[in-house]
K.L.:
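Let me begin by handing over the structure; questions about it come next.
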Amino acid sequence: MTNTINNVEFVRNLVEDNYKVNKTEVIDQYQVSFEVEKEEVHRLLAQLRSEGWIQMSYLSAIDWIADNEFELVYIVFNWEKPVYIQVRTRLDRDNPVMESIMPIHPGCKYYEREAHEYFGIEFPGNPDFHKPLILEDWDDMPPLRKDFDPRAYSDAHFSSREYPETHENTLGQESKVAQRESRMARVFKVGKGGKK
Amino acid sequence: MREMKLFLGPQHPGMHGNASVHLFVDGDIIKRSYLLPGMLHRGFEKGMERHSWVNNISLIPRVCVVEPDINEMAFAMGVEKLAGIEVPERAHWIRMIVLELARISIHLMAYGGLGGPTGNYTLMYHAHADRNTILNIFEKISGHRVYHQYIVPGGVRKDLPIGIEEDIHEFLNDLESRYTEYRDLGIENPSIQARINDTIMLPAHVVWELGVTGVGMRSAVGKAYDIRKVMPYARYDQVEFDVPTGTYSDATCRIDIKLQELVQCIGIIRQCLEKMPKGEVRVPFGKGQSMRWTVPAGHVYSVVESSRGEFGYYMVSDGGTHPYRVGVRGASYPQGLLGIEKYLPGTRIDDAALWIDTMGVCSPEIDR
Amino acid sequence: MESTKFSPITKLSKEEVDRKWWEIGDFFRRNSLWMLMYCTGCCAIELPPAMTSAYDMERLGMGPMATPRQADVLLVTGYLSLKTLRRVIYTYEQMSEPKYIVGFGSCTINGGIYHDSHVVINQLDQYIPVDTYVAGCMPNTEAVMNGFIDLMSLIKNKKADGWKRYKENYEWYKKNQIDSLGEVQVHDEYHQ
């Protein structure tokens, strides 16, 4: 395989010269991430695909509730020049809409359906992104958002087993305190000389 | 054209795992098909945010039940990259032995899983008896048969017990001597060859369209695209092994590649047992009490080569005691969901269960 | 003329005759239990070593069965997500009586490691009647074989009557099911 340091340099030159990048992060010799604006994502992914990054590995979202934003992550890979490229954008949390990338990578159809189900992000361009995939008859808010509490939902809807708190002496054993007192009584009786 | 709806449902003798395939058939030919996931959904990614970094070690292996060590390895590699710690030398070699033993056990289970859809139960009995020996070896190493919790961030939990090398050598010699018998029962058997020759092909352009990795990709494209060779982790660049490939990707070719990979795994384990140095096996990745260990902020995507393809964990940390977001990329996600929707129509009903077995669709890692 | 050689035959009541036939039936039932092939969760990975020649369960008389109409025992192996529980209830009501249920793992007892999850139920015997449990996460194969022998001795002592409890308390079980699951009718986009 080709030299890995040259691969990362090749990718950085390709992306930073042609697109407006907010932040670049080189994680190690096989991984690079670029944070770009929402409008540049399609053009960037299409050009990367024509340069050899044809395998779509992962697509998902992160909920930054303190900044009031969602962050979408696309990860692509090239087997000839092995570098994982992460492309990240930020979306507004109150109205998250992002054009689907199905014309570029058809394999992202089910990843986008799952992101809609867990976060509520909409992907116009994907024919059936609104249909439920993994959850069935779900009536609450999208579950991977940070303001959803699974423990409260579980306590409200499912009853859990109650264990009775009784402290009974069911085996008929002597208590530890009584055993210790009888032991000390024996010790003191012998120490004072036995039978008088 | 009249279509009939059939469910290759969750309760079926030939089904691997708890997922159901909905088929619309005309006679014997499938016209449309969909996989219905979600029966094994547990809310893992939400649960991992509620446990601390050290507590997650006990939750992580339960994502994929047949091969739990790849989960622990991907999580450990991700935490080590974020925290910037270096694992001792002996731990790398022990990790390789555990991962290759897990790969042998799942290839045996997939090969024996041919028995359900084709009706050849003798093969299944042989494969599961051998797999039971591997589970007994794991019990001696780590204390549990299935969920080992042995590969932790910072190394492995404790050293190998005394006398384990004789057990591993005895098992490997026994398996190697019966390899031709395994081939005669399954792949050279004329009654099974009628089911697996020239069926469920996977053309090369489909691989790049769906994002399929692993045995499916190597059997269609013909190149050695394996993460252990391309981006080696944990001392895989110091052992010698081949990566089998093929170009005519029917079911026979994929099963043949799996059997050849099994032979390569035996070679890797023998080289590891010779070359292993002595030393310590674990370093801590934080200071103070282990329930309050923190990991510095950052993003990382750590990847492991599992028997079904590329298995990755995308981890985001904000510098606290709990992970901020963990996303799991199941290795069989593309071929399970989109593969069944686009490339199963046109085949016969009895090929649906064979697709799930030879392409390696594992439903717990699709649902998480 | 009455004969003096033979003493009068005592006639047994109908209930006693039924009970004796039922005891004979229990002897045959407990020595040939057929389990339904349905792996609902994690703990199902310990069933192949029990079924095959490692810890052979056919010497106890148990074997696999493909359809619920002809199976005797339903093994609920592991945790129950909401989607799976609807289908398990659907399957349980299709089995013919008498029928038994064995719950594997600690997730059927009190929710296990997923007790705070929003899609996993916490206590299985609120929804369907369970006869015996096998504890562990996951239980060893020898524990699984012990569980089967426990079920057989429960049948012998006439304590394995989960199916009778389901019939008698049907409204209570139905109310619990609808409270947690919404509705038990299986509706997904492919069922219409």
Side-chain angles (χ1 to χ4, degrees), chain A residues 1 4 25 27-31 33 35 49 53-66 71 73 75-86 88 102 105-111 113-115 117-118 131-136 138 143-146 148-151 153-154, chain B residues 34-41 43 45-47 49-50 81-82 84 206-213 217 221 223-227 229-233 298-303 309-314 316 318 324-330 333-339 341-342 366-368:
Chain A
M1 299 287 163
T4 52
E25 199 182 320
I27 298 174
D28 72 351
Q29 54 173 338
Y30 296 116
Q31 264 190 61
S33 88
E35 183 168 337
R49 189 175 173 128
W53 271 261
I54 53 179
Q55 177 180 310
M56 166 116 235
S57 276
Y58 191 56
L59 196 171
S60 185
I62 307 167
D63 183 12
W64 294 106
I65 193 167
E71 183 170 2
V73 174
I75 305 185
V76 290
F77 188 56
N78 179 359
W79 288 96
E80 295 293 332
K81 301 190 172 76
V83 176
Y84 274 101
I85 300 183
Q86 299 178 18
R88 303 191 213 153
M102 272 183 72
H105 288 279
C108 73
K109 177 173 175 192
Y110 282 91
Y111 288 116
R113 267 178 88 167
E114 199 184 302
E117 197 165 26
Y118 288 153
K131 291 194 203 161
L133 179 72
I134 293 192
L135 301 169
E136 192 182 43
W138 185 251
L144 270 181
R145 294 193 173 196
K146 286 285 180 185
F148 175 72
D149 189 7
R151 184 69 194 261
Y153 189 89
S154 169
Chain B
Y34 303 98
L35 181 83
L36 187 72
M39 312 255 200
L40 294 172
H41 179 57
E45 305 187 342
K46 192 79 183 177
E49 293 171 13
R50 294 169 51 90
K81 190 160 301 170
L82 282 176
V206 169
V207 169
W208 303 123
E209 186 186 327
L210 300 179
V212 173
T213 52
M217 175 171 72
V221 172
K223 299 199 183 143
Y225 283 164
D226 187 333
I227 291 183
K229 289 281 194 193
V230 166
M231 301 173 34
Y233 53 94
H299 299 234
V300 73
Y301 180 63
S302 70
V303 186
E310 166 194 331
F311 192 88
Y313 268 49
Y314 182 70
V316 177
D318 62 346
Y324 194 80
R325 164 101 169 102
V326 178
V328 178
R329 192 248 186 211
Y333 200 88
Q335 61 241 37
L337 286 171
L338 199 58
E341 185 182 343
K342 283 183 103 158
I366 296 181
D367 301 339
R368 298 184 297 278

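Quick note on labels: first sequence line is chain A, next is B, and so on, each numbered from 1.
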K.L.:
Quick check for you: among B:K81, B:E209, B:R368, which has the greatest number of heavy-atom pairs under 4.5 Å with chain A?
P.N.:
B:E209

K.L.:
Taking side chain as everything from C-beta outward and backbone as N, CA, C, O, which of these in A:Y111 sits under 4.5 Å from a heavy atom of chain B? Side chain, backbone, both or neither.
P.N.:
both

K.L.:
How many angstroms lie between OH in A:Y110 and CD1 in B:I366, if you round to the nearest 0.5 Å?
P.N.:
10.5 Å

K.L.:
Among the options B:M39, B:E310, B:M217, pick out the one with the most heavy-atom pairs lying under 4.5 Å from chain A.
P.N.:
B:E310

K.L.:
In Å, rounded to the nearest 0.5 Å, how long is the span from CD1 of A:I75 to CZ of B:R329?
P.N.:
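Nearest 0.5 Å value for the CD1-CZ distance: 9.5 Å.
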
K.L.:
Give a yes or no on whether the backbone of A:D149 and the side-chain of B:R50 come within a donor-acceptor separation of less than 3.5 Å.
P.N.:
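Here the side-chain-to-backbone pair does not exist.
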
K.L.:
Is there a side-chain contact between A:I62 and B:H299, using heavy atoms and a 4.5 Å cut-off?
P.N.:
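Of all side-chain heavy-atom pairs linking B:H299 with A:I62, at least one is under 4.5 Å.
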
K.L.:
What I want to check is whether the side chains of A:E114 and B:Y333 have a donor and an acceptor closer together than 3.5 Å.
P.N.:
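Side chains of A:E114 and B:Y333: pair found under 3.5 Å.
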
K.L.:
Does any backbone or side-chain atom of A:P143 lie under 4.5 Å from a heavy atom of chain B? Answer side chain, backbone, both or neither.
P.N.:
backbone

K.L.:
What part of A:A66 gets closer than 4.5 Å to chain B, counting heavy atoms only: side chain, backbone, both or neither?
P.N.:
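Answer is neither: A:A66 stays 4.5 Å or more from chain B.
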
K.L.:
Using every non-hydrogen atom in the two residues, find where A:G107 and B:L338 come nearest and quote the distance to one decimal.
P.N.:
CA-CD2, 3.7 Å

K.L.:
To the nearest 0.5 Å, tell me how far A:R151 CZ sits from B:K46 NZ.
P.N.:
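A:R151 atom CZ to B:K46 atom NZ measures 14.5 Å (nearest 0.5 Å).
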
K.L.:
Before giving the answer on side-chain contact (heavy atoms from CB on, under 4.5 Å), spell out for A:Q86 and B:V300 the whole-Å C-alpha distance, their side-chain angles and the decisive distance to 0.1 Å.
P.N.:
CA-CA 10 Å; A:Q86 299 178 18; B:V300 73; 6.0 Å; no

K.L.:
If we only count heavy atoms from C-beta on, is the A:E80 to B:Y225 side-chain gap below 4.5 Å?
P.N.:
yes

K.L.:
Classify the side-chain pair A:Y118/B:E45 by whether it contains a donor and acceptor separated by less than 3.5 Å.
P.N.:
no

K.L.:
Is it the side chain or the backbone of A:D63 that comes within 4.5 Å of chain B heavy atoms, both, or neither?
P.N.:
backbone

K.L.:
Does any heavy atom of chain B fall under 4.5 Å from the side chain of A:L135, the backbone, both, or neither of them?
P.N.:
side chain

K.L.:
Measuring heavy-atom distances to chain A, does B:V328 have an atom under 4.5 Å in its side chain, in its backbone, in both, or in neither?
P.N.:
backbone

K.L.:
Does any heavy atom of chain B fall under 4.5 Å from the side chain of A:S57, the backbone, both, or neither of them?
P.N.:
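When you check distances to chain B, atoms from both the backbone and side chain of A:S57 fall under 4.5 Å.
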
K.L.:
Looking at every heavy atom in both B:V230 and A:P82, which two are closest together, and how far apart are they?
P.N.:
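Between these two residues, the closest heavy atoms are CG1-CB, 3.4 Å.
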
K.L.:
Using non-hydrogen atoms only, which part of A:L144 is less than 4.5 Å away from chain B: side chain, backbone, both, or neither?
P.N.:
both

K.L.:
Select one option (side chain, backbone, both, neither) describing which atoms of A:R49 are under 4.5 Å from chain B's heavy atoms.
P.N.:
side chain

K.L.:
Roughly how far, to the nearest 0.5 Å, is the OH atom of B:Y314 from the OH atom of A:Y84?
P.N.:
13.5 Å

K.L.:
Nearest 0.5 Å please: distance from the CH2 atom of A:W79 over to the CD1 atom of B:I227.
P.N.:
4.5 Å

K.L.:
Can you tell which of B:H41, B:K223, B:M231, B:E49 has the highest number of heavy-atom pairs within less than 4.5 Å of chain A?
P.N.:
B:M231

K.L.:
Can you say whether A:E71 sits under 4.5 Å from chain B via the side chain, the backbone, both, or neither, judging by heavy atoms?
P.N.:
side chain

K.L.:
Report the distance from atom CG of B:L210 to atom CE of A:M56, rounding to the nearest 0.5 Å.
P.N.:
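Spacing of CG (B:L210) from CE (A:M56) equals 13.0 Å.
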
K.L.:
Indicate the ring-plane relationship of A:W64 and B:Y324, choosing parallel, tilted or perpendicular according to the 30° and 60° boundaries.
P.N.:
parallel

K.L.:
Would B:V303 and A:Y30 count as a side-chain contact (heavy atoms from CB on, under 4.5 Å) here? Give the steps.
P.N.:
CA-CA 11 Å; B:V303 186; A:Y30 296 116; over 6 Å; no

